[in-house]
Asks: 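Handing you a structure now.
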Amino acid sequence: MAEQKERTFIAIKPDGVQRGIIGEVIKRFETKGFKLVAMKMQHASEDLLTQHYLDLKDRPFFPTLMKYMSSGPVVAMVWEGKGVVKTGRVMLGETNPADSKPGTIRGDFCIDVSKNIIHGSDSVENDELVHYTSCAASWLY
Ligand code: IDP
Ligand code: MG
């Protein structure tokens, strides 16, 4: 059942934290059926953010992105479940909230690409996090 153990990194960005959208994001992933396996509130360092967004370092908006992401704490989470990377991205919506459909997180809670409240991995992550069996597993799979 390795496919049920797929994991994705989801982070509520500083604007999402300040605007009180943490609970809403958790609620959506939780009620969908995904399993929370790690969560931490953290004020990300410049080093960590540079590493995280390394592929974007030559883009013109990179300095704005660094300033935005270090403007306050983020809530970093790891969610687990079948297809969670792809489904998580669908739940988030498009990078630009203006292109995101209603019903998606970015479609429902934000307006501007430079303040799009949430991050989600676009590929499967490797990790060394806790493993537990959710009592809901047999009702979901
Ligand atoms: P993603 O977050 O949907 O994966 P990426 O292309 O990986 O999108 O970009 C990372 C983050 O950089 C976006 O979520 C957004 O916060 C910011 N960003 C992307 N494009 C722009 C832009 O054109 N202007 C300002 N910020 C941007
Ligand atoms: Mg990305």
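First listed ligand is number 1; within each ligand, the first listed atom is number 1.
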Asks: Residue-level breakdown please: for Met66 versus ligand 1, do any non-hydrogen atoms fall below 4.0 Å on the side chain, on the backbone, on both, or on neither?
Replies: neither
Asks: Say whether, by atom type as modelled, one donor and one acceptor occur between the side chain of Glu6 and the main chain of Val85 under 3.5 angstrom.
Replies: yes
Asks: I need the atoms of ligand 1 closer than 4.0 Å to a non-hydrogen atom of Tyr53, numbered in the order shown.
Replies: 10 (C)
Asks: Check whether more than 12 heavy atoms from other residues, nucleotides or ligands sit under 6.0 Å from atom NZ of Lys67, and answer yes or no.
Replies: no
Asks: Looking at ligand 1, does Asp122 have a heavy atom less than 4.0 Å from it?
Replies: no
Asks: List for me each residue that meets side chain to side chain contact (heavy atoms under 4.5 Å, CB included) alongside Ala136, sequence neighbours excluded, and say none if there are none.
Replies: Ser134, Leu140
Asks: Any donor-acceptor pair under 3.5 Å linking the side chain of Tyr141 with the backbone of Lys82?
Replies: yes
Asks: Looking only at protein heavy atoms, which one is nearest to atom 9 (O) of ligand 1, and how far off is it?
Replies: Leu56 CD1, 3.4 Å
Asks: So is there a nitrogen or oxygen of Arg89 less than 3.5 Å from a nitrogen or oxygen in ligand 1?
Replies: yes
Asks: Which bit of Asn116 gets closer than 4.0 Å to ligand 1, counting heavy atoms only: side chain, backbone, both or neither?
Replies: side chain
Asks: Could you tell me if Asp47 and Ser45 have a donor-acceptor pair between their side chains, going purely by distance under 3.5 Å?
Replies: no
Asks: Spell out, as yes or no, whether a donor-acceptor pair under 3.5 Å connects the side chain of Arg89 to the backbone of Glu94.
Replies: no
Asks: Could you tell me whether Met69 approaches ligand 1 through its side chain, its backbone, both or neither, with non-hydrogen atoms closer than 4.0 Å?
Replies: neither
Asks: Determine, using ring centers only, whether Phe34 and Trp79 are less than 6.0 Å apart.
Replies: no
Asks: Tell me which part of Glu94 gets within contact of ligand 1: side chain, backbone, both or neither, using heavy atoms under 4.0 Å.
Replies: neither
Asks: Please work out, at 4.0 Å between heavy atoms, whether the side chain, the backbone, both, or neither of Thr95 comes within that distance of ligand 1.
Replies: both
Asks: Distance to 0.1 Å, residue and atom name: give those for the protein heavy atom nearest to atom 2 (O) of ligand 1.
Replies: Arg106 NH2, 3.2 Å
Asks: Nearest protein heavy atom to atom 17 (C) of ligand 1, by residue and atom, and its distance?
Replies: Leu65 CD1, 3.7 Å
Asks: Students should be able to answer this: which protein heavy-atom is nearest to atom 18 (N) of ligand 1, and at what distance?
Replies: Phe61 CE1, 3.4 Å
Asks: Looking only at protein heavy atoms, identify the closest one to atom 16 (O) of ligand 1 and say how far it is in Å.
Replies: Lys13 NZ, 3.0 Å
Asks: Taking the non-hydrogen atoms of Lys115, is any one of them nearer than 4.0 angstrom to ligand 1?
Replies: no
Asks: Using a 3.5 Å distance criterion without hydrogens, assess whether the side chain of Thr50 forms a donor-acceptor pair with backbone atoms of Glu46.
Replies: yes
Asks: List for me each residue that meets side chain to side chain contact (heavy atoms under 4.5 Å, CB included) alongside Tyr53, sequence neighbours excluded, and say none if there are none.
Replies: Lys13, Leu56, Phe62, Leu65, Met66, Met69, His119
